[in-house]
Amino acid sequence: ALGLLLAFWGIRALIALDPDGIPRAQEIGLDNRVLLFTLLVSLVTGLLFGLVPALSAAGRQLAESLKEGGRAMAGGVRGRLVRNGLVLGQVALTLVLLVGAGLLIQSFARLQAVDPGFRPEGVLTARVALPQAEYTEPARQIAFHQQLLEKVRALPGVRNAATVFPLPLGGNMILSFAVEGRPAPPPSEVPNAHVRGVSPDYFRAMGIAVLQGRTFTEQDTQGSLPVVVVNETMAKKIWPGESPLGKRINFGDPAVPADWMTVVGVVVPVRHMALNEDPGSEVYWPQYQQPFTDASLVLRTDQDPASQADAIRRAVRSLDPNLPVDQIRTMEELVASSLSQSRFKMVLLSLFAGLALVLAAVGVYGVVSYSVAQRTHEIGIRMALGAERRSVLRLVVRQGMVVVLIGVALGVALAFGASRYLAGQVYGVSAKDPLTFVAVPLVLIAVALIANYLPARRATQVDPLVALRQE
């Protein structure tokens, strides 16, 4: 009943930890089938581990018990082997969970330190989708975005404002292209790039560094030369060893001269899809040449970005009262949201590993305590014959730690074998990271050493006269 209550609270706590990062979080709850399965497993486990020792004790012959040493030898050889085997398995499985949690923690720390290619601090985003039925003409779409940006730039504290589609970490658009002066490649080798339409000032608003050439200006309109900006990854891949400035690419029909676009600038690669995905080839084209009805507004402000939300809504309503403004979020929130699933996996596995560590410590402590209690008479004899407290302490700790060390060795082997299943879940760290495979066993050994030391210390405080009177 207590476990059921803890499960109910635990599920609610995990959902509240990051509701946006858990797919279909609203459907998560205590499943009746899982609950019934868990209840049956718990009952069978309790009956099994309760009946087996009882039946073993009931069926044991007196002569056999005396040969094994009876109570004085901590329940006999068979009992010690069973208890030690359970502790060994518990330690091994705990180590596997701890290694997994350690790898995910390191992976999450590396993800947080990744440079996304832009500066999210002080940036607010908002989606402004123009109805296709009302904004059918590109000229009207461009006019609306220009007027909106003028109003937003006039807001107090706003340094830069622009529009973009798709928003970084909010979607993607991939198109194949042709390169001027190159023969048409086979269909399977046609190059493609992630494409984004942006307005002038976008790169300054997002803090994206320009490496070569220029970005877009107000003069890059439908009547001017079609231009694009590419990222450094594409520049090195398509034009290795030469400058891409002045080169031309075509996303449409190579036979149509108007479809050729000239590269005028190169910017740093941006991790648009996810922080754990390396940037591929990317092309930016000016929205004033090829506008989108669905676009996101981005603005950089010296004030708290969230405080500009109402001002953005008023600016949009002043241009079109029927136009909705949604998905108003800071860029820092978007970055944090992109890490939500990695964070959730790390927290979940860390909780399981932490619980397993506690259970392993309790298991080791319980077995050693039971052994000490059963061997009180033996320990009293040793001390009556002159054994020092330190030697008794070493004896008890050594016997307990031998089992722990065997379990740790087995756990390292299991974790090493299971690490391949985590290879696709970690970033910036090897699934067989040496630091993790050294630090985690040391932590587990230290916890187990404490769990062994406490009952062993109690054994050294046994009064030999009292111990010798015990049967």
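Positions are given from 1 along the sequence.
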* Gln141 side chain vs Tyr135 backbone, donor-acceptor pair below 3.5 Å -> yes
* Separation of Thr163 OG1 from Leu299 CG (nearest 0.5 Å) -> 12.0 Å
* Compute whether any side-chain donor of one residue and acceptor of the other, for Thr330 and Glu332, lie under 3.5 angstrom apart. => no
* Asked: Just wondering, are more than 12 heavy atoms of other shown residues or ligands nearer than 6.0 Å to CD in Glu137?
  -> no
* Check: Gln106 and Val426 side chains under 4.5 Å, non-hydrogen atoms -> no
* Ring centroid separation Trp285 to Phe216 under 6.0 Å -> no
* Asked: Among Val264, Val228, Val263, whose side-chain contact (heavy atoms from CB on, under 4.5 Å) with Pro244 holds?
  -> Val263
* Salt bridge check: are Asp115 and Arg271 linked by an N-O gap of less than 4.0 Å? -> no
* Roughly how far apart are Leu86 CG and Phe49 CZ, rounded to 0.5 Å? -> 5.5 Å
* Any sub-3.5 Å donor-acceptor pair from Asn192's side-chain atoms to Leu175's backbone N or O? -> no
* If you draw a 6.0 Å radius around OH in Tyr427, do more than 12 non-hydrogen atoms from other residues or ligands fall strictly inside? -> yes
* Residue pair Asp433 / Thr436, side-chain donor-acceptor N/O under 3.5 Å -> yes
* Asked: Salt bridge between Glu121 and Arg300, side-chain N to carboxylate O under 4.0 Å?
  -> no
* **Heavy-atom side-chain contact between Trp260 and Pro226 under 4.5 Å** => no
* To do: Taking the side chain as every heavy atom from C-beta outward, state whether His194 and Met234 have any atom pair closer than 4.5 Å.
  => no
* Asked: Looking only at atom types and distance, does a side-chain atom of Glu282 sit under 3.5 Å from a main-chain N or O of Ala193, one as donor and one as acceptor?
  -> no
* Asked: So, do Asp259 and Pro254 sit near enough that their side-chain heavy atoms are less than 4.5 Å apart?
  -> no
* To do: Taking Lys151 for its side chain and Gln147 for its backbone only, find out whether a donor-acceptor pair lies under 3.5 Å.
  => no
* CZ (Arg33) with more than 12 external heavy atoms under 6.0 Å -> no
* Whether Arg204 side chain and Arg159 backbone form a donor-acceptor pair below 3.5 Å -> no
* Asked: Would you find a donor on one side and an acceptor on the other, under 3.5 Å apart, between the side chain of Asn250 and the backbone of Asp253?
  -> yes
* Asked: Distance under 6.0 Å and angle within 45° of the ring axis: does Lys432 meet both against Phe437?
  -> no
* Just by distance, with hydrogens left out, do Gln327 and Ser296 show a side-chain donor and acceptor under 3.5 Å apart? -> no
* Asked: Centroid-to-centroid, Tyr284 to Phe203, below 6.0 Å?
  -> yes
* About how many Å separate CD1 of Ile142 and OG1 of Thr221, when rounded to the nearest 0.5 Å? -> 8.0 Å
* Pro156 backbone acceptor or donor facing Gln308 side chain under 3.5 Å -> yes
* Asked: Does the side chain of Leu211 come within less than 4.5 Å of Val267's, by heavy atoms?
  -> no
* Asked: Quick one: are Leu130 and His145 in side-chain contact, heavy atoms under 4.5 Å?
  -> yes
* Asked: Do Gln219 and Ser224 have side-chain N/O donor and acceptor atoms under 3.5 Å apart?
  -> no
* Does the side chain of Gln222 come within less than 4.5 Å of Tyr288's, by heavy atoms? -> no
* Asn172 versus Arg196, side-chain donor and acceptor atoms under 3.5 Å -> yes
